[in-house]
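Comments concern the structure below.
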Amino acid sequence: MLKTHNCGELRREHVGQTVTLAGWVNRRRDMGGVVFFDLRDRNGKTQVVVNSGRSQEAFDVVSQVQREYVLQVTGEVGLRPEGQDNPDLPTGEIEVTADSVTILNPAKTPPFLIDRDEVVDESLRLKYRYLDLRRERLQRNLTIRHKAIKFIRDFLDERGFLEIETPILFKSTPEGARDYLVPSRVHPGKFYALPQSPQQLKQLLMVAGYERYFQIARCFRDEDLRADRQPEFTQLDMEMSFVERDDILDLIEELMVGMVKTASIVPLAYEKFPRMSFAEAVSRYGTDRPDVRFGLELTDISDLVADSAFRVFSANVAAGNPVKAICAPGCGGYSRKQMSELEALAKDAGAKGLAWMAIHPETEQIRGPIVKFFSVEQLIAITERMDAKPGDLILISSDTELVVREVLHTLRMEMGKRLGLTDTNSLAFVWIIDFPLFEETLEDGHYAPSHHMFTMPKREHIPLLDTDPHAVLSDQYDLVCNGFEVAGGSIRIAERPLQRKIMELIGFSMEEAMEQFGHMLEAFEYGAPPHGGIAPGIDRLVALMAGEPNIREVMAFPKTAQATDLMSDSPSEVAQKQLDELHIAVKESKKA
RNA sequence: GGGGGCGUGGUGUAGUGGUUAACACGCCGGCCUGUCAAGCCGGAGAUCGCGGGUUCGACCCCCGUCGCUCCCGCCA
């Protein structure tokens, strides 16, 4: 080793020892006859003193040194002079007085400062990712990520899970997301696909009798990116045999609590995760991934306004549509400009307009463009139902159930943000259960699965498949944290007749099914155990635990929103020879 | 595919239809033996993302384009 100690480990008890450190020059402070600098490695920083009076040779070397030079320093650990401790550094009580300094490698001045957490344009950070990764923020985040994954492996290992790798080159299926394709050289015109998730393979491992499987699995989806979506990402993919829904929920809950306690810098809001039905979630929050850190819940006031003079409301209620509202405390003084911002948001979410009432903080007078349509009794009833106080703002939406949900969910999140209720100072997990088996809308006369084809209907709902498929609930579950979906899974259908019935409802012909899932369906004929699983998204969880706003901050080498890598400049063109071998002809792009 | 935001020395920002394009950090040189965001003195460094247009004159206004980003569509 080129060093005897790490730069973060020297303490008072090392005083008097001669040590050798190696690392990067963090910052130099040149006093003339004495030079200080902090030597940095992944472990931390240690102040090095180079005194011309002690070692002229070391002093001469250091006089040429610039920031980010890679040095090896040998010297004696000493206590700093009285009153010169640096309480900001764990090593701040000591310093190393250099006897010799070796330049292991010089360094160009970096395009941005490594030792300061200043905002730098993200494209520059991505181009010089290896320098960005030197900075404290990403080192911290990747350490959190490591600790989380280490915890997961240990936790599942202790509980009898086997980590099994599955192929990256697999089969394309037209279902779900767009696949990344890999051309076959050996089989002209044929392609592998990179897995969107190891879904099929883990179910086959259950058929194979492995009972408890997991994998830290890389997944690929060729879809447009978001702050929480990258073309390749990592899931904790897992599956268990002979389990029921609550076995999986209990296990994952214990895993999450342990992982957060081990790795997170953001604490849990609570340890017992609430379990909320899909129906309750959309009714209270307007979404199936509610941010439950704050209230502002949706409240139905249809009955109170059904016979009001405001035609929009009364007509909507008569048509069987709801009138719902949220109450934003302290926002009653919103200006015309602020209200039109909210209205724009509401319209963006599908609303035709935005009704509102504001209660004056002192006079308690209610103002708003629609107030004149309501009797005093109606206004009082509404404010009481909403639990609105003087100074509050009531935002009202009336439309179809779906639009009302979307609009009020959007407004609720906006008001949560404006009121500072979404700051990342705690993690509020909630289970969403009892999803409908099918989506509400029909696709070409057939039912569309809300999760995937292998999701198990709730046992007691199976008879409903023949009479009222939309009423069928399933053993699908999502784990949501601070409004982000962080895991999703289900109990699977292991029985062929039930599988066949679902496929018929979806409109899958036997031929299609055999072509795409033949291996699965055949496998299920050889004794498939009841099984189920879940797949927590590692990137999203780590981002939440690190308090980061996007998952790029917790990935070593992420891609841009255009799915490019600015460091290596990929994707890039390839040699004609490579294309020829793969039997690929590139079409001229329309733009060119 | 659509919509919004951003683009000014190496970095982060300020800026106005006519300026010598400003400030901080960084960088270079000098001074300094107890600094730790060291300090002090001096200096270099910008065709204001790119292209076109309007104008006597554009960093500023308009159009296009490229890059980054957020959102919708898409995607568990």
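So that the names make sense, note that chain A is the first sequence line, chain B the second, and so on, each numbered from 1.
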Atom NZ of A/Lys108 and atom P of B/rG10 are separated, to the nearest Å, by 14 Å
For A/Ser490 and A/Asp475: C-alpha separation, side-chain torsions, deciding distance, then whether side chain to side chain donor-acceptor pair (under 3.5 Å) applies. CA-CA 6 Å; A/Ser490 63; A/Asp475 273 329; over 6 Å; no
Does a side-chain N-to-carboxylate-O contact under 4.0 Å join A/Lys127 and A/Glu122? no
Please work out whether the ring planes of A/Phe273 and A/Trp431 are parallel, tilted or perpendicular, with thresholds of 30° and 60°. tilted
Testing B/rU69, B/rC32, B/rC75 for proximity to the side chain of A/Asp30, the answer is B/rC32
Partner lookup for B/rC61, please. Criteria are Watson-Crick or G-U wobble with both distances under 3.5 angstrom; report none if nothing qualifies. B/rG53
Does A/Phe36 stack onto the base of B/rU35, taking stacking as ring centres under 5.5 Å apart and planes under 30° apart? yes
Applying a 3.5 Å limit to both distances, which nucleotide forms a Watson-Crick or G-U wobble pair with B/rG7? B/rC66
B/rC75 C1' sits how many Å from A/Asp539 CG, rounded? 15 Å
Can you find a donor-acceptor N/O pair under 3.5 angstrom joining the side chain of A/Arg229 to the base of B/rC75? yes
Pair assignment for B/rA22, Watson-Crick or G-U wobble, requiring both distances under 3.5 Å: B/rU13
Check this for me: does the side-chain of A/Glu95 come within 3.5 Å of the base of B/rG34 through a donor and an acceptor? yes
Give one of base, sugar-phosphate or nothing for A/Gly176, where a contact means two heavy atoms less than 4.0 Å apart. sugar-phosphate
Ranking B/rU11, B/rU33, B/rC36 by distance to the side chain of A/Glu118, first place goes to B/rU11
For B/rC6 versus B/rU16, give the span between their P atoms, rounded off to a whole number of Å. 15 Å
Measure from the side-chain heavy atoms of A/Asp224 and tell me the nearest of B/rC70, B/rC25, B/rC74. B/rC74
Closest-nucleotide ordering on RNA chain B, the 5'-leading residue of A/Phe233 and A/Asp85: A/Asp85
With sugar-phosphate meaning primed atoms plus P, OP1 and OP2, does A/Thr564 contact a base, only sugar-phosphate, or nothing at under 4.0 Å between heavy atoms? sugar-phosphate
Compare side-chain N and O positions of A/Arg27 against OP1 and OP2 of B/rA38 and report whether any pair is under 4.0 Å apart. yes
How far, in whole Å, is B/rC70 from B/rG9 if one measures between their P atoms? 23 Å
Side-chain donor-acceptor contact under 3.5 Å, A/Gln230 with A/Asp539: no
Counting any heavy atom closer than 4.0 Å, what does A/Pro111 reach on the DNA or RNA strands: base, sugar-phosphate only, or nothing? sugar-phosphate
Select base, sugar-phosphate, or nothing to describe what A/Gln84 touches, counting heavy atoms under 4.0 Å on all strands. base
If B/rG29 has a Watson-Crick or G-U wobble mate with both distances under 3.5 Å, name it; if not, just say none. B/rC41
Starting at the 5' end of RNA chain B, which residue's closest nucleotide do you reach first, A/Arg552 or A/Leu225? A/Arg552
Could you tell me whether A/Arg27 sits above the aromatic face of A/Phe36, with NZ or CZ closer than 6.0 angstrom to the six-membered ring centre and within 45 degrees of the axis? no
Return the nearest nucleotide to the side chain of A/Val120; candidates are B/rG12, B/rC74, B/rU35. B/rG12
Which nucleotide sits closest to the side chain of A/Asp38: B/rC36, B/rC70, B/rG73? B/rC36
Closest to side chain of A/Gln235, choosing from B/rA37, B/rC71, B/rA76: B/rA76
Residue A/Arg226, side-chain atoms from C-beta onward, closest of B/rC74, B/rC36, B/rG34: B/rC74
Using the P atom as the point on both nucleotides, what is the distance between B/rC27 and B/rG12, in whole Å? 16 Å
If you take atom types as modelled and just measure distance, does the side chain of A/Arg116 reach the base of B/rG12 with a donor-acceptor pair under 3.5 Å? no
Sticking with atom C1', work out how far B/rU65 lies from B/rG57, rounded to a whole angstrom. 25 Å
Trace of the side chain to side chain donor-acceptor pair (under 3.5 Å) decision for A/Thr166 with A/Gln215: CA-CA 8 Å; A/Thr166 53; A/Gln215 179 179 195; 2.9 Å; yes
Atom-pair distance (NE2 on A/His409; P on B/rC71), nearest Å: 12 Å
With rounding to the closest Å, how many angstrom separate the P atoms on B/rC23 and B/rG67? 35 Å
Just how far, in rounded Å, is P of B/rG34 from CD of A/Glu93? 22 Å
Check whether A/Arg40 reaches the backbone of A/Asn26 with its side chain - one donor and one acceptor, N or O, closer than 3.5 Å. no
Within the 4.0 Å heavy-atom criterion, would you say A/Ser52 contacts the bases, only the backbone, or no part of the nucleic acid? base
Can you find a donor-acceptor pair, distance only, under 3.5 Å between A/Arg221 side chain and B/rC74 base? no
Among B/rC74, B/rU69, B/rA37, the nucleotide that comes nearest once only the side chain of A/Glu223 is considered: B/rC74
Does a nitrogen or oxygen in the side chain of A/Gln230 sit under 4.0 Å from OP1 or OP2 of B/rC75? no
A/Phe454 CZ - B/rA76 C1' separation (whole Å): 16 Å
Distance check needed: B/rC6 C1' versus A/Leu124 CG, whole Å only. 15 Å
Quick one: A/Arg129 CZ to B/rC68 P, roughly how many Å, whole number? 14 Å
From C-beta outward on A/Arg29, which listed nucleotide comes closest to its side chain: B/rA76, B/rU69, B/rU35? B/rU35
Is it true that a side-chain atom of A/Asn141 and a backbone atom of A/Glu553 form a donor plus acceptor pair closer than 3.5 Å? yes
Between P on B/rC31 and CE on A/Met31, what's the gap in Å once rounded to a whole number? 14 Å
Aromatic contact between A/Phe233 and A/Phe220, with the criterion being ring centroids under 6.0 Å apart: yes or no? no
Do the side chain of A/Asn51 and the base of B/rG34 come within less than 3.5 angstrom through a donor-acceptor pair of N or O atoms? no
Of B/rC71, B/rG67, B/rU33, the nucleotide closest to the side chain of A/Val34 is B/rU33
Under 4.0 Å, heavy atoms only, any strand: does A/Arg80 hit a base, just the sugar-phosphate, or nothing? base
